[in-house]
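All of these numbers come straight from a predicted model, not from anything done at the bench. Values below: all heavy atoms of this structure, side chains included; hydrogens, waters and symmetry mates excluded.
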Amino acid sequence: MSSALEILKKRTSANNFNNSKQMSESDIRELISYACEAPSSFNIQHWRFVAVTEKDVKEKLKAVAFGQQKISDAAVTFAVLGDLKGIDKLSEAISPMLKSGAIDQKAYDGWLGMASGMYKDNPQLVRDEAIRSASLAGMNLMIAAQAKGLVSGAMVGFDSEGVKKVLGISDRYVPVMLIAVGPEAPGNWPRKPRFSVDQVLSLNKFKEF
C-alpha cells in the first residue's frame with residue numbers, strides 16, 4: 001500500500017474503467033468508512049452516499065449526467081449528498097462523547113447551542129457547509145480508493161434534480177458530486193499539471209498572482 005503522501009501525488013481523475021470488474025458490498029462499505037473519517041463543522045457529518053452498482057440504475061444516472069460513460073463502466077458510482085438538515089442529528093452524533101465522559105453536560109449543551117446559533121436562519125451557510133463537508137468526505141473516498149489500488153473520477157456535470165429523481169432523494173439533500181470508482185482500464189490521461197507552490201501561496205498577507 002502506498003503512503004498517504006505518495007497517493008496525493010499520483011492520484012488522478014480517471015475516465016476509463018474496466019467494466020468487467022465488480023466490487024463487493026464489503027469493499028464499498030470499507031471505502032465509505034474511510035470517507036466518513038473526514039472533518040465537518042461541529043461534527044455534524046453532513047455527508048450521505050448512494051452507491052450505484054446495478055446496470056439499469058447506472059444507465060438512468062448516466063442519462064442525467066450528460067452521458068458520461070464512466071458512470072456505466074465503473075464498478076460503482078457514488079452519489080455524494082449533503083444533508084441540509086444535518087444539524088438535526090447533531091445530538092445523536094456527539095452524545096457518545098457525553099456518555100463516555102469525554103465531555104460533560106455543560107460542554108455538550110454549549111456545543112449544541114453554538115451550532116444552532118451559527119446555522120439558525122442562515123440557509124446559505126447551511127447549504128455551503130453541507131457541500132463543504134460532503135466534498136471533504138468525497139476527497140477521502142477518492143484517496144481511499146487510490147490506496148486500495150482503484151481509480152476514481154469525480155463529476156459535477158449532472159442535472160441535480162434529475163439525480164434526485166433517479167435515486168429517490170428528497171429535497172433535504174443536495175447532490176454534491178458523483179464519483180466513479182473501480183479498477184482502471186487503459187487510456188487514462190497522465191496526471192494533469194498543478195500550479196507551483198509559489199503561484200498559490202501567500203505568507204501572512206494575500207497577494208494577487
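- Note: Lys58 NZ to Leu61 CG = 10.0 Å, rounded to the nearest 0.5 Å.
- No donor-acceptor pair under 3.5 Å is formed between the side chain of Ser116 and the backbone N or O of Leu112.
- Tyr173 contributes atom OH, which lies 9.5 Å from atom CG of Leu84 (distance to the nearest 0.5 angstrom).
- Although no hydrogens or angles enter the test, the distance criterion places a donor-acceptor pair under 3.5 Å between the side chain of Arg194 and the main chain of Lys192.
- The main-chain N or O of Val80 is never found under 3.5 Å from a side-chain atom of Arg48 such that the two would form a donor-acceptor pair.
- Between Tyr34 and Leu141 the shortest side-chain heavy-atom distance does not fall below 4.5 Å.
- The closest side-chain heavy-atom distance from Met23 to Leu31 is below 4.5 Å.
- One hydrophobic cluster holds both Met177 and Phe49 under the rule that ILVMFWY side chains link at heavy-atom gaps under 4.5 Å.
- Under a cut-off of 6.0 angstrom, the local environment of NZ in Lys164 is crowded, with over 12 non-hydrogen atoms contributed by other residues, nucleotides or ligands.
- In this structure, the side chains of Ile87 and Phe42 stay at 4.5 Å or more apart for every pair of heavy atoms.
- Closest heavy-atom contact between Ser41 and Glu129: CB-CD, 3.5 Å.
- Side-chain N or O atoms of Gln199 include none that pairs as donor or acceptor with a backbone N or O of Phe209 at under 3.5 Å.
- Side-chain contact between Ile71 and Met155 is present, with heavy atoms from C-beta onward closer than 4.5 Å.
- Apart from Phe17 itself, the hydrophobic cluster it occupies contains Val151, where clustering links Ile, Leu, Val, Met, Phe, Trp and Tyr at side-chain heavy-atom distances under 4.5 Å.
- Remark: Met142 CE to Thr12 OG1 distance equals 11.0 Å, nearest 0.5 Å.
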